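Here the structure is laid out as structure tokens; the discussion comes afterwards.
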Amino acid sequence: MASQPGPLTRWPWQDLGNYKYALVAPWAAYRTYSFAAAKARGEEGDLLSFFVLPTVLLRLLYTQLWISVSRHQTARSKHRIVSKSLDFDQVDRERNWDDQIILTALLFYVVNSIMPMTQGLPWWNSGGLVLTALLHLGPVEFLYYWIHRALHHHYLYSRYHSHHHASIVTEPITSVIHPFAEEVVYFGLFAIPLLTVLASGTGSVAVANGYLVYIDFMNYLGHCNFELVPKFLFDLFPPLKFLMYTPSFHSLHHTQFRTNYSLFVPFYDYVYGTMDKSSDDLYERTLHGREEAPDVVHLTHLTTPGSLLHLRLGFASVASSPLVSGWLTAALGLLERPIAALASVFGRTAFRSEANRMGSKLSMETWVVPRYASQYTSKKHGYAVSRVIERAVSDAEASGAAVLTLGLLNQGYELNRNGELYVIRKPGLKTRIVDGTSLSVAAVLHMVPRGAKEVLLLGKESKVVLVLAQALLERDIQVLVAEENLYETLKLQICPELQGRLALSCSYSGSKVWLVGDGLTAQEQERAQPGVHFVPYSQFPPSSGHKLGDCVYHSTPALVVPDSYENMHACENWLPRRVMSAWRAAGIVHALEKWGGHECGDSVTGVDKAWRAALAHGFRPYDVVRRHDEDAN
């Protein structure tokens, strides 16, 4: 929203949410039916109105492609132009990027209905293409330049254009984020070539829709925040620098505000002396680029089919909210096997998904192993998954990373002995492997209700279970173990002086605190008495059955990130905004403290040591239940 919103700032369908597409649906259905009916009668259907819907779908698709490519390139950092932080507020502000596509479709349908000259247009007319190009280079670019300068006058800027400039770090969709009134003015400009070619009798379907695609392409190019225009184009045809801008050229307008006003053609900035003097230098520097070395790499993987869209590289508005099951996830679930097969064939290395900074101290990257959770637990795919992880460890070391954290199932004991396998295979490994056990156990201990004297421990044998049981017993909390095999295993590994508070209990009754791992069943939940606290120590949240109404379900071990943690605008799986899994946070703390050893295999940093260090660096405890209670108070 602009700093002082003026008249017609809100879009007419702003309150409709995604139901705004219902405005287009009747038109699309009627025009598609009319075209098909005309063809059935052996008549020529109206191509212009028929192609509105395919053009809408095409524009939606390649807009999303631009978003994904841009986010991938800015995570790589080599050709990134502006390195400042992008936050959740910007993602929310820009979630209506498709409004202008809907408006275009509605205008095409309406104009086609009331103007006979738009009906029965041919597919192609070369004269219309030439005329459109000349009109764009002349009146459209000239008028836009002066309108744009006027929008930077205080009165109009504060009421309209400040909404667009709220985004210093631009993404492709930033280009189309404007108040409704401002967007209408732009539509009026772009209508000049379209209406002129119609009036001259040189209009065509391809040119009309192609002009829209050109506008989108150039808009997204200028706001993508990474330099990709090759220098040889300007070397082959030097005057091109006056006819085509670059991403770095327009980025200066968003950082300097009073330069580089042109739409797509810098000619008028040269003519009127508003070209930023650093334009050429910035272009050269960002095109050559320099890839930043991460201090910490967090290695994660896909969980469910829906998680593919939840990545930062996926749908921006989806990634900015916690991962939940929905119709889209269910639909993608039907494609899990073919998608997994494609990932196995083409996804031989982890890819960068996110890049963050913590002030000037540390740079972090998130790498994604292109495998689903189901493939990690499959004997058929286990070896291939381990090879991808090992390759990621080598790549992290080659990039200069000091720490690599193994998130989710990347640290499975059966897979790699909690990461120790890679240390054994590379004794001189410089990158420290961190499985995050100490900090995750500390986060679990924080979620255990104060005053609890005993807990019921459910789950399978694991490193986290052993360290957690030991820490609870050291705090004089009795640990009841529900499974005999787990009890016997713990009894062998727990210090003799603490074994008196470790007991086998198959009744599932009495304890009001259940510490649960993966695989908590509905039948086990049924045995819980009202008021029982389910505290997960696993990386995956337990499925909450119908007991949710009378039991308390806590978050998976997680921490709220420090205020200095920058460029976080995607949620980590099911966790809320600016909350990070304890395993991921453990690697950051390890790097900040400059601890020299690995935390993998049987090695443990120390529960209290990790917790104190995390709090000292600005991390804060997180528990969804406890935070809700505090907010209510």
Side-chain angles (χ1 to χ4, degrees), residues 20-21 23-36 38-39 43-67 69 97-141 144 172-173 175-176 178 183-223 244 263-265:
K20 59 191 176 185
Y21 284 95
L23 299 172
V24 179
W27 288 95
Y30 174 72
R31 290 302 182 182
T32 302
Y33 169 77
S34 299
F35 184 82
K39 286 294 184 181
E43 301 173 0
E44 287 294 327
D46 184 55
L47 284 172
L48 184 64
S49 61
F50 174 74
F51 269 94
V52 171
L53 179 59
T55 302
V56 166
L57 298 177
L58 173 64
R59 295 176 72 193
L60 291 172
L61 175 62
Y62 75 67
T63 300
Q64 180 56 49
L65 288 174
W66 264 106
I67 295 170
V69 171
W97 57 266
D98 53 347
D99 279 349
Q100 49 94 25
I101 295 178
I102 292 174
L103 179 59
T104 305
L106 293 175
L107 289 174
F108 264 57
Y109 281 131
V110 170
V111 170
N112 181 255
S113 298
I114 62 177
M115 295 180 64
M117 70 175 70
T118 65
Q119 299 165 11
L121 291 179
W123 172 250
W124 175 256
N125 188 304
S126 55
L129 175 63
V130 173
L131 184 56
T132 298
L134 292 174
L135 289 171
H136 179 85
L137 290 172
V140 173
E141 288 282 349
Y144 177 89
I173 51 177
S175 62
V176 293
H178 302 284
E183 195 71 52
V184 168
V185 172
Y186 297 149
F187 270 61
L189 280 179
F190 299 140
I192 292 173
L194 296 176
L195 294 178
T196 303
V197 295
L198 287 173
S200 66
T202 57
S204 67
V205 176
V207 170
N209 289 291
Y211 187 51
L212 296 179
V213 172
Y214 164 77
I215 292 169
D216 284 342
F217 178 85
M218 294 301 293
N219 262 329
Y220 299 156
L221 174 73
H223 292 80
M244 175 183 170
L263 178 56
F264 310 138
V265 177

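The shown structure was predicted, so the numbers you read here are calculated from the model rather than taken from an experiment.
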Item to check | Ala208 to Leu48 - nearest heavy-atom pair and separation | outcome: CB-CD1, 4.2 Å

Next on the checklist: Looking at every non-hydrogen atom in both residues, tell me the closest pair between Gly203 and Asn125 and how far apart they are.
Outcome noted: O-CB, 4.1 Å

Checklist outcome for this item: In this structure, CH2 of Trp27 is separated from CG of Leu53 (nearest 0.5 Å) by 14.0 Å

Next on the checklist: With rounding to the nearest 0.5 angstrom, report the CG to CG distance, Leu61 to Leu65.
Outcome noted: 4.5 Å

Checklist entry - Got a second to check how far Ile101's CD1 is from Thr63's OG1, nearest 0.5 Å? => result 4.0 Å

Checklist entry - About how many Å separate CG of Leu263 and CG of Asn219, when rounded to the nearest 0.5 Å? => result 6.5 Å

Checklist entry - Would you call the rings of Tyr214 and His136 parallel, tilted or perpendicular if under 30° counts as parallel and over 60° as perpendicular? => result perpendicular

Checklist outcome for this item: Of Leu212, Thr118, Thr55, the one forming a side-chain contact (heavy atoms from CB on, under 4.5 Å) with Phe108 is Leu212

Checklist entry - According to the interplanar angle, ranging from 0 to 90°, do the rings of Phe190 and Tyr211 count as parallel (below 30°), tilted (30 to 60°) or perpendicular (above 60°)? => result perpendicular

Checklist entry - Is there a side-chain contact between Leu60 and Val56 (heavy atoms, below 4.5 Å)? => result yes

Next on the checklist: For Phe187, is the CZ atom crowded, meaning more than 12 foreign heavy atoms sit under 6.0 Å from it?
Outcome noted: yes

Item to check | Pairwise side-chain contact, Phe51 with Trp123, heavy-atom cut-off 4.5 Å (strictly under) | outcome: yes

Checklist outcome for this item: OH (Tyr186) and NE2 (His178) are apart, to the nearest 0.5 Å, by 5.0 Å

Next on the checklist: Treating Ser34 as the side-chain partner and Arg31 as the backbone partner, does any N or O pair qualify as donor plus acceptor under 3.5 Å?
Outcome noted: no

Checklist entry - How about Trp97 and Tyr220: are their ring centroids closer than 6.0 Å? => result no

Item to check | Shortest non-hydrogen contact from Gly45 toward Ala38 | outcome: CA-CB, 3.9 Å

Item to check | For the student: nearest non-hydrogen atoms of Ser200 and Leu131, plus distance | outcome: OG-CD2, 3.6 Å

Item to check | Heavy-atom side-chain contact between Phe264 and Leu221 under 4.5 Å | outcome: no

Checklist entry - Are side-chain heavy atoms of Val205 and Phe50 found at a separation under 4.5 Å? => result no

Checklist entry - Under 3.5 Å, side chain of Thr32 to main-chain N/O of Ala29, donor-acceptor pair present? => result no

Checklist outcome for this item: Nearest heavy-atom contact between Asn112 and Gln119 is O-NE2, 2.7 Å

Checklist entry - How many angstroms lie between atom CG of Asn209 and atom CG of Leu194, to the nearest 0.5 angstrom? => result 9.5 Å

Checklist entry - Do Trp66 and Asp216 have side-chain heavy atoms sitting under 4.5 Å apart? => result no

Checklist entry - With Val207, which of Leu121, Val130, Thr132 fulfils side-chain contact (heavy atoms from CB on, under 4.5 Å)? => result Thr132

Item to check | Residue pairs involving residues 99-115 (criterion salt bridge (charged side-chain N to carboxylate O under 4.0 Å, His left out); sequence neighbours excluded) | outcome: Lys20-Asp99

